[in-house]
> 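Quick one: this structure, given as structure tokens, is what I'll be asking you about.
Here is the naming used below: chain letters follow the sequence lines, and residue numbers restart at 1 for every chain. From a predicted model like this one, the values you see are computed outputs, not experimental measurements.
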Number of protein chains: 2
Amino acid sequence: MSRHPDRDQIRIESVLSALGSPVRLAVVRVLDAGGEHNCGSVLGLLGITAKSTMTHHWRVLRESGVIWQHPSGRENLLSLRRDDLDARYPGLLDAILAGADGDEALEKARRLMSVGGRDRSET
Amino acid sequence: MSRHPDRDQIRIESVLSALGSPVRLAVVRVLDAGGEHNCGSVLGLLGITAKSTMTHHWRVLRESGVIWQHPSGRENLLSLRRDDLDARYPGLLDAILAGADGDEALEKARRLMSVGGRDRSET
DNA sequence: TCGACTGTACTAAGGTTGCCGAACAAAGCA
DNA sequence: TGCTTTGTTCGGCAACCTTAGTACAGTCGA
């Protein structure tokens, strides 16, 4: 069932395309904040969706080497492979997570602007 | 024709998914190495492909904010938006480019190993 | 002005991805 | 021994991505 790549089998294209999806990037942000989660708890934090949909995303993240996923009792625990990613791609994960935070803040600020004042004449 | 996002319209998911494709990552590596290229020269360096295919990739890179593309005479010059990307996502591009180099080196080393000695009993 | 050159626009096939519901498997609890 | 919880697997469907072929538009040189 597992299919985790070894550290040296991780390819940056897989990592980037795995993280190029809003849902999966959100997952990684959640996992980065806390330690281990089971699938359901992350699913809850994202406000979505069908379990089978997430199973799909777990696989993409797992097979690209971004997360560990190991069964524990009847749950399936998820955690970021931070050590491996940092070893292979120093600074990558930090830059991505910081970037995601920045995007979110910028988005939030933009929303406030467009409610309070008039938006600066953007189409 | 253009459709370049402003610096503050760039979203990290778009950047990541744009760079999550081997072809486009290769393009960015080429652009990072040199200054300005026209489309054809990059196409040549990649050893591939139909021009219309690359036009598609230029658009993805352009609309995600990764490259500038501006006409000059009958050519269309391409360049990395390094300043914008570095401003929005400090360290991201460096990490990705270094990672791509690392992957390539590792791959090359692995090929040598499996020719010279026997591969270490993988699958 | 004509022709070569550079790249885009349009179109289409084939594959991949994302999403979901239903059925299933395994672990824990009563 | 059943029932519940937790996720997975499977099948199907729509949307998107990648690739390429063909036709076209703009620019430069002769």
> Given atom CZ of B:Arg62 and atom C1' of C:dA9, what is their separation to the nearest angstrom?
12 Å

> May I have the distance from A:Leu43 (atom CG) to C:dC19 (atom P), rounded to whole angstrom?
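Rounding to the nearest Å, CG of A:Leu43 and P of C:dC19 are 12 Å apart.
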
> Side chain of A:Ser52, base of C:dG21: donor and acceptor closer than 3.5 Å?
yes

> Would you confirm whether B:Arg110, through its side chain, and A:Asp8, through its main-chain N or O, come within 3.5 Å as a donor-acceptor pair?
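Pair found, side chain donor or acceptor close to backbone of A:Asp8.
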
> Rounded to whole Å, how long is the line connecting atom CG of B:Asn76 with atom C1' of C:dC5?
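Whole-Å distance recorded here is 14 Å.
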
> Check every strand shown and say whether A:Arg59 touches a base, only sugar-phosphate, or nothing at a heavy-atom separation below 4.0 Å.
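No contact.
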
> Please determine, for the side chain of A:Arg24, which listed nucleotide (C:dC5, C:dG21, C:dG18) has the closest atom?
C:dG18

> With a 4.5 Å limit on heavy-atom distance, are the side chains of A:Val27 and A:Met54 in contact?
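Counting from C-beta outward, A:Val27 and A:Met54 do come under 4.5 Å.
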
> Among D:dG7, D:dT18, D:dT27, find the nucleotide with the atom closest to the side chain of B:Arg74.
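Between D:dG7, D:dT18, D:dT27, the one nearest the side chain of B:Arg74 would be D:dT27.
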
> Between C:dG18 and A:Thr53, counting only base atoms on the nucleotide and side-chain atoms on the residue, is there a donor-acceptor pair under 3.5 Å?
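Flag unset: no donor-acceptor pair detected.
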
> Looking at the side chain of B:Trp58, which of C:dC20, C:dT8, C:dG18 is the nearest nucleotide?
C:dT8

> Hey, which of these two, A:His57 or A:Glu75, hits DNA chain C nearer its 5' end, going by closest nucleotide?
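Residue closer to the 5' terminus by nearest nucleotide: A:His57.
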
> Please examine the side chains of A:Leu61 and A:Val28, heavy atoms only from C-beta on, and report whether any two atoms are closer than 4.5 Å.
yes

> Specify the separation, in whole Å, of atom NE2 of A:His70 and atom P of D:dT8.
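Going from NE2 in A:His70 over to P in D:dT8 covers 13 Å.
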
> In whole angstroms, how far is the C1' atom of C:dT17 from the CG atom of B:Leu16?
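About 17 Å, once rounded to whole Å.
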
> Taking atom P of C:dC19 as reference, at what distance in whole Å does atom CG of A:Leu46 sit?
11 Å

> Quick one: does A:Asp103's side chain get under 4.5 Å of B:Tyr89's, heavy atoms only?
yes

> Could you check how far NE2 of B:His56 sits from C1' of D:dT18, rounded to whole Å?
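My rounded result for the distance is 6 Å.
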
> If you compare every side-chain N and O of B:Gln69 against the phosphate oxygens of C:dG7 (OP1, OP2), does one of them come in below 4.0 Å?
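Looking at the OP1 and OP2 atoms of C:dG7, neither is under 4.0 Å from any side-chain N or O of B:Gln69.
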
> Does the side chain of B:Val66 come within less than 4.5 Å of B:Leu80's, by heavy atoms?
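Yes. Closest side-chain heavy atoms under 4.5 Å.
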
> Whole angstrom is fine here: how far is it from NZ in B:Lys51 over to C1' in C:dC5?
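Atom-to-atom, B:Lys51 to C:dC5, this comes out as 8 Å.
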
> Out of C:dG21, D:dT18, D:dG7, which has the shortest distance to the side chain of A:Asn38?
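Out of C:dG21, D:dT18, D:dG7, the nucleotide with an atom closest to A:Asn38's side chain is D:dG7.
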
